Amino acid sequence: ELDRKIMEVNYFGAINLTKAVLPIMLAQKSGHLVAISSVVGKFGFPLRSAYSASKHALHGYFESVRAENQSQGLQ
């Protein structure tokens, strides 16, 4: 239960917001997405597996969004 709550806040919260503003940015052909993460998003840390997983997921998601939309004016 706690793992799901952490993913809901740290991962799905950012994803839902991004999906809400991304169509507007694409229509304007400009915009910046800024994702706040943690060093734990790059390296695992003892006793922080769910938190670390949520931050790893953010890194993967936003790297993919950038690659998919960079040619359309997003950074």
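Just so you know, residue 1 is the first one in the sequence shown, and it goes up from there. Just so we're clear, the structure is a prediction, and the values are computed from it rather than from any experiment. Computation of the quantities below employed the complete heavy-atom set of this structure, encompassing side-chain atoms and omitting hydrogens, waters and symmetry-equivalent molecules.
Ile36 contributes atom CD1, which lies 10.0 Å from atom CZ of Phe62 (distance to the nearest 0.5 angstrom). Distance check: Met25 CE to Asn69 CG gives 10.0 Å after rounding to the nearest 0.5 Å. Interatomic distance, CD of Glu1 versus CD1 of Ile6, reported as 11.0 Å (0.5 Å rounding). Here the OG atom belonging to Ser54 is positioned 6.5 Å from the OH atom belonging to Tyr51, to the nearest 0.5 angstrom.
In terms of heavy-atom proximity, Lys55 sits nearest to Ser38 at CG-CB, 4.4 Å. Heavy-atom minimum distance, His56 versus Gly44: CE1-N, 4.3 Å. Contact between Leu58 and Tyr11 at its shortest, heavy atoms only, is N-CD1, 3.9 Å. When every heavy atom of Val40 is checked against every heavy atom of Ser52, the shortest pair comes out as O-OG, 3.1 Å. Heavy-atom minimum distance, Met7 versus Ala57: CE-CB, 4.3 Å. The shortest non-hydrogen separation linking Ser37 to His59 is OG-NE2, 3.0 Å.
The closest side-chain heavy-atom distance from Phe45 to Val39 is not below 4.5 Å.
Taking Ser30 as the reference, nothing meets the side chain to side chain donor-acceptor pair (under 3.5 Å) condition, with sequence neighbours excluded.
Val9 and Tyr61 are members of different hydrophobic clusters when ILVMFWY side chains are connected at heavy-atom separations under 4.5 Å.
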